[in-house]
Amino acid sequence: TLMLALLATAFLSAGGYGLYAVGMKQGRQMAAPAPGTAQTSGATAQGVDTVDPGTGRKVLYWHDPMVPGPRFDKPGKSPFMDMDLVPMYADAAGDEGKVTISPRIQQNLGIRTAEVIQGSLASAVQAVGSVAYNERDVSVVQARSNGYVERLYVRAPLDPVKKGQPLAELYVPEWVAAQEEYLSIKRMDGAAGTEVWLDAARQRMRLAGMTDYQIRRVETSGKVQPRLTITAPTGGVVTELGAREGMTVMSGAPLFRINGLGTVWVNAEVPENLAAQVRPGNTVEGRTPALPGKVFQGKVGAILPEVNAATRTLKARIELANPFGQLVPGMFVTVNMSPAARQDVLLVPSEAVIKTGTRSVVMVAQGDGMFLPVAVQTGAEANGQTEILKGLEAGQKVVASGQFLID
């Protein structure tokens, strides 16, 4: 009897352990989801390829657009956000790179679109520069013969002068001998070979540095003209003064340097990224705080081939009209340059372009809540618009607000 009881106990123990092992194995198989199946939201699964009664489209799964990783096999509230799950339809599953967003979510994200238009792009480039003398409007007065400065009419640098105004009076001893020779030959009127000798005497006066006007004065007056009055060849200011009364000057010595003020240069610093929009010949308007309300007209003369390494700017040489001499070197001037407008280019709002550093991307709205990222090639930018060189067509709609959330 005891033996039978022990055998019965062992059998029941073995059977119970076997049933327990089978139950645990089946439990583990039911708890672990099969590879590739969608997660559930906690409710009873409806299965795969459910038909949406509202649209009649086949639904593969539901997901949260803000947390697109987890997939759910039943509609409901998102466990991550306070929003409803969005269905993924079978006919949209193959659109690689596209994003589908319901109208309600678009409104919550503040998505705003703008149309790709075709038009002209014109911009006003503004720069600041300082006034300098126009180096093409410079006259240098030199001594044409050895002599002495007897009288000086302009005594200080930066004195204004007018064209034809006397600057200095020189006594030239070399002229006296050449003129005396000419007048002596002229008194021999009627002698043989007089004309030949007169021509030779005129030539010697020219070699001494006398002009034709001064030679004619000697011929008409019959008197020696030992002094030379130097006059200003142009109007402006005397920027260099190399003569003083009583000093001896040699032939070729610079006495005066005169800079005109009819036009001045403005050396404006143009940012490197805007230099391509500035071309020689572009019209310019200049304004300076020293002369409020006064506008000076001019044009871009040249873009100097040098970049400032510290400020990353190029220097634009601008020529401004200065009829009354109000602009003087050293003044600061703000200039507005108007590049020629580029016609018939594709334009999008600059805020619609996502610049990643290696490429530029825009989000194109394709209708029915679908958005597709498109890589574009951008051109010039002005007035809040960016030129599109490649990647878009006129009439398409791009996302101008909320594109970073879609991205």
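All of these numbers come straight from a predicted model, not from anything done at the bench. Excluded from the calculations below are hydrogen atoms, water molecules and symmetry mates; all remaining heavy atoms, backbone and side chain alike, are included.
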Looking at every non-hydrogen atom in both residues, tell me the closest pair between V333 and G286 and how far apart they are.
CG1-CA, 3.9 Å
Note, K186 side chain near L198 side chain (heavy atom, < 4.5 Å):
yes
Are the side chain of Q179 and the backbone N or O of Q225 linked by a donor-acceptor pair below 3.5 Å?
yes
Keeping to residues at least two apart or across chains, list the salt bridge (charged side-chain N to carboxylate O under 4.0 Å, His left out) pairs with something in residues 248-257.
E135-R257
Got a second to check how far Q377's CD is from E387's CD, nearest 0.5 Å?
9.5 Å
So, does D199 use its side chain to make a donor-acceptor pair with the main chain of Q203 at under 3.5 Å?
no
Do we see a donor-acceptor contact under 3.5 Å between the side chains of T386 and T378?
no
Donor-acceptor check, side chain of Q214 to backbone of T211, threshold 3.5 angstrom: yes or no?
yes
Using modelled atom types only, decide if a donor and an acceptor are shared between the side chain of D159 and the backbone of V238 within a distance under 3.5 Å.
no
To the nearest 0.5 Å, how far apart are CG in L255 and CE in M247?
7.5 Å
Would you indicate whether the side-chain heavy atoms of L183 and K223 approach each other to under 4.5 Å?
no
Check whether any side-chain heavy atom of I318 lies under 4.5 Å from a side-chain heavy atom of W265, and answer yes or no.
no
One pair to check against side chain to side chain contact (heavy atoms under 4.5 Å, CB included): V362 and V116. What are the steps and the verdict?
CA-CA 11 Å; V362 297; V116 181; over 6 Å; no
Which atom pair, heavy atoms only, marks the closest approach of A352 to V398?
CB-CG2, 4.0 Å
Are the side chain of K315 and the backbone N or O of E306 linked by a donor-acceptor pair below 3.5 Å?
no
Do L347 and V345 have side chains that get closer than 4.5 Å, going by heavy atoms?
yes
About how many Å separate CD of E169 and CG of L152, when rounded to the nearest 0.5 Å?
11.0 Å
Is the shortest side-chain heavy-atom distance between I111 and M363 below 4.5 Å?
no
W175 side chain vs A208 backbone, donor-acceptor pair below 3.5 Å:
yes
Can you find a pair of side-chain heavy atoms, one from N108 and one from M83, that are under 4.5 Å apart?
no
For residues 239-253, pull every pair meeting side-chain hydrogen bond (donor to acceptor under 3.5 Å, both in side chains), keeping only residues two or more places apart or in separate chains.
R155-E245, T239-N259
Are more than 12 heavy atoms, taken from residues, nucleotides or ligands other than D368, located less than 6.0 Å from that residue's CG atom?
no
Tell me the closest heavy-atom pair linking F296 and A321, and the distance in Å.
CD2-O, 3.5 Å
With sequence neighbours excluded, residues passing salt bridge (Lys or Arg N to Asp or Glu O under 4.0 Å) with R151:
none
At their closest point, which heavy atom of A394 faces which heavy atom of Q118, and how far apart are they?
CB-OE1, 4.4 Å
Looking at A143 and V249, what are the two nearest heavy atoms and their distance?
CB-CG2, 4.0 Å
Between V300 and R279, is any pair of side-chain heavy atoms under 4.5 Å apart?
no
Keeping the roles fixed (side chain from Q403, backbone from E351), state whether a donor-acceptor pair exists under 3.5 Å.
yes
Donor-acceptor pair, side chain of T234 and main chain of D137, under 3.5 angstrom
no
Could you tell me whether the side chain of T288 and the main chain of F332 form a donor-acceptor pair under 3.5 Å?
yes
Check: M331 and V264 side chains under 4.5 Å, non-hydrogen atoms
no
Using modelled atom types and a 3.5 Å cut-off, is there a donor and acceptor pairing between side-chain atoms of S78 and backbone atoms of L85?
no
